[in-house]
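Fair warning: this is a prediction, and the values are worked out from it, not measured in the lab.
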Amino acid sequence: MENQKFIVLSICLSLLITFASAQNSRLRQNFYQNSCPNVESLVRSAVQTKFSQTFVTAPAVLRLFFHDCFVRGCDASVLLSSPNNNAEKDHPDDISLAGDGFDTVAKAKAAVDSNPRCRNKVSCADILALATRDVVALAGGPSYTVELGRRDGRISTKASVQHSLPHPTFNLNQLNSMFASHGLSQTDMIALSGAHTLGFAHCGRFSNRIYGIQSYQQDRPNSESAICYAAQTDVPG
């Protein structure tokens with residue numbers, strides 16, 4: 001069952017990568033064949049090293065990639081900084097992105113650029129896409145093919161994040177609508193949302209649900225109130 005979940009997640013990530021980058025007809029598996037033929041092994045080695053240091057690498061990179069793709073497409077604009085704290089990463093929805101995700105991309109980028117042949121030839125957008133594939137595999141899921149050739153975005157603003165990411169308060173229709181706008185089905189939405197089980201959730205994002213059981217049950221009559229009560233022992237109100 002776990003393998004089946006990972007397979008669905010991998011397929012959804014592939015669809016997300018393809019759809020978000022569909023406007024770039026140059027994407028192909030061998031994009032760096034002449035400029036940096038060993039890019040995938042360089043990225044994979046850096047990711048494996050980081051993963052061996054902390055498992056947080058997996059959920060951090062996966063979430064970073066998702067937040068990047070849903071805002072301006074898979075262009076690594078989420079990595080950009082702003083001198084006046086006005087970049088995507090400064091938005092409340094991105095402020096909790098784990099530093100290990102950014103660090104993984106930075107280390108993979110350094111590994112790629114350490115090869116003179118590859119220096120400044122591979123986009124951070126492609127490195128993030130490859131790193132995401134690699135952490136899924138390292139966490140126990142299957143590997144999958146990543147087409148390459150993305151260009152790094154040069155625009156990153158707080159405003160672009162607003163209303164671009166799903167919120168914990170969304171109902172099913174809102175979630176389906178947002179994912180459909182990215183060419184993803186309800187099954188894709190469930191798989192990508194379920195990827196949160198690789199990491200952890202911030203208590204402030206859902207504590208109101210487990211402490212406001214009455215209203216929670218009215219909205220979701222089939223939910224298990226026992227789970228809510230049990231969660232109260234671990235989640236502050």
Side-chain angles (χ1 to χ4, degrees), residues 12-13 16-17 19-21 23-24 43 46-47 50-51 53-113 120 122-136 150-170 174-175 177-179 181-182 184 189 192-193 195-209 235-236:
C12 293
L13 286 169
L16 178 60
I17 293 171
F19 181 81
S21 305
Q23 69 276 17
N24 192 335
V43 172
V47 172
K50 177 68 178 180
F51 183 82
Q53 297 167 351
T54 173
F55 179 80
V56 176
T57 301
V61 171
L62 183 55
R63 185 166 181 246
L64 183 65
F65 183 60
F66 178 85
H67 280 232
D68 181 48
C69 291
F70 257 49
V71 175
R72 303 185 64 88
C74 306
D75 66 349
S77 56
V78 72
L79 304 177
L80 299 178
S81 298
S82 166
N84 58 349
N85 298 320
N86 192 43
E88 289 177 33
K89 64 167 66 174
D90 300 309
H91 189 278
D93 287 348
D94 282 348
I95 203 74
S96 63
L97 289 170
D100 284 303
F102 293 96
D103 187 53
T104 300
V105 177
K107 284 183 165 58
K109 172 66 172 171
V112 171
D113 285 349
N120 298 324
V122 182
S123 68
C124 289
D126 278 340
I127 289 174
L128 177 54
L130 288 170
T132 302
R133 185 268 308 278
D134 294 337
V135 296
V136 169
R150 295 165 193 77
R151 300 306 184 194
D152 288 335
R154 298 184 178 183
I155 299 174
S156 182
T157 65
K158 276 185 182 179
S160 62
V161 181
Q162 195 69 19
H163 306 305
S164 294
L165 295 167
H167 280 219
T169 57
F170 276 14
Q174 289 172 307
L175 288 170
S177 177
M178 176 166 282
F179 279 74
S181 70
H182 292 278
L184 299 168
M189 180 272 290
L192 287 167
S193 299
H196 284 86
T197 58
L198 276 177
F200 58 88
H202 295 271
C203 296
R205 289 290 191 173
F206 64 91
S207 60
N208 64 308
R209 292 188 176 186
V235 179

Trainee: Backbone N or O of Gly153 within a donor-acceptor pair of the Ser77 side chain at under 3.5 Å?
Mentor: no
Trainee: Given side chains that start at C-beta, do those of Pro59 and Leu62 come closer than 4.5 Å, heavy atoms only?
Mentor: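 SC-SC contact between Pro59 and Leu62 ruled out.
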Trainee: For Ile95 versus Pro92, what's the shortest heavy-atom pair and its separation?
Mentor: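 In this case the closest contact between Ile95 and Pro92 is CG2-O, 3.4 Å.
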Trainee: Using the rule given for side chain to side chain contact (heavy atoms under 4.5 Å, CB included), can you reason through Val71 versus His67, listing the C-alpha separation, both sets of side-chain angles and the distance that settles it, and then say yes or no?
Mentor: CA-CA 7 Å; Val71 175; His67 280 232; 5.7 Å; no
Trainee: So which heavy atom on Ala98 is nearest to which on Val56, and how close?
Mentor: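 Shortest heavy-atom contact: CB-CG1, 4.5 Å.
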Trainee: To the closest 0.5 Å, what do you measure between CG (Leu175) and CE (Met189)?
Mentor: 5.0 Å
Trainee: Could you tell me whether Lys89 sits above the aromatic face of Phe102, with NZ or CZ closer than 6.0 angstrom to the six-membered ring centre and within 45 degrees of the axis?
Mentor: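 So Lys89 does make the cation-pi contact.
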Trainee: Any non-hydrogen side-chain atom of Val122 less than 4.5 Å from a side-chain atom of Val43?
Mentor: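 No, their side chains stay 4.5 Å or more apart.
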Trainee: Treating Ser156 as the side-chain partner and Glu88 as the backbone partner, does any N or O pair qualify as donor plus acceptor under 3.5 Å?
Mentor: yes
Trainee: Among Val47, Thr132, Asp134, Val105, which residue meets the side-chain contact (heavy atoms from CB on, under 4.5 Å) test with Val61?
Mentor: Thr132
Trainee: Backbone N or O of Ala87 within a donor-acceptor pair of the Asp90 side chain at under 3.5 Å?
Mentor: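 Checking the backbone N and O of Ala87 against the side chain of Asp90, a donor-acceptor pair under 3.5 Å is found.
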Trainee: Using a 4.5 Å cut-off on heavy atoms from C-beta on, say whether the side chain of Val112 contacts that of Ile127.
Mentor: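 The answer is yes, as the side chains (C-beta and beyond) meet within the 4.5 Å cut-off.
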Trainee: Roughly how far, to the nearest 0.5 Å, is the CG atom of Asp93 from the NE2 atom of His163?
Mentor: 10.0 Å
Trainee: In sequence, state the C-alpha distance, the side-chain angles, and the governing distance for Cys74 and Arg150, and then conclude on side chain to side chain contact (heavy atoms under 4.5 Å, CB included).
Mentor: CA-CA 8 Å; Cys74 306; Arg150 295 165 193 77; 4.2 Å; yes
Trainee: Taking all non-hydrogen atoms of both residues into account, name the closest pair between Ala129 and Phe65 and its distance.
Mentor: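 Result for this residue pair: CA-CE1, 3.8 Å.
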Trainee: Lys50 versus Asp100: any side-chain heavy-atom pair under 4.5 Å?
Mentor: yes
Trainee: With no hydrogens and no angle check, is any side-chain donor or acceptor of His182 less than 3.5 Å from a backbone partner on Leu184?
Mentor: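 No; zero donor-acceptor contacts below 3.5 Å.
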Trainee: Would you say the rings of Phe179 and Phe170 are close, in the sense that their centroids are separated by under 6.0 Å?
Mentor: no
Trainee: So, does Asp68 use its side chain to make a donor-acceptor pair with the main chain of Asp75 at under 3.5 Å?
Mentor: yes
Trainee: Distance-only, no hydrogens or angles: does the Ser164 side chain make a donor-acceptor pair with backbone N or O of Ser160 under 3.5 Å?
Mentor: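 Side chain of Ser164 to backbone of Ser160: a pair is present.
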Trainee: Hey, could you give me the CG/CZ distance between Leu128 and Arg133, rounded to the nearest 0.5 Å?
Mentor: 12.5 Å
Trainee: Show your reasoning for whether side chain to side chain contact (heavy atoms under 4.5 Å, CB included) applies to Leu79 and Leu64.
Mentor: CA-CA 9 Å; Leu79 304 177; Leu64 183 65; 3.9 Å; yes
Trainee: Please test Arg63 against Ser96 for side chain to side chain contact (heavy atoms under 4.5 Å, CB included), starting from the C-alpha separation and ending with a verdict.
Mentor: CA-CA 10 Å; Arg63 185 166 181 246; Ser96 63; 3.0 Å; yes
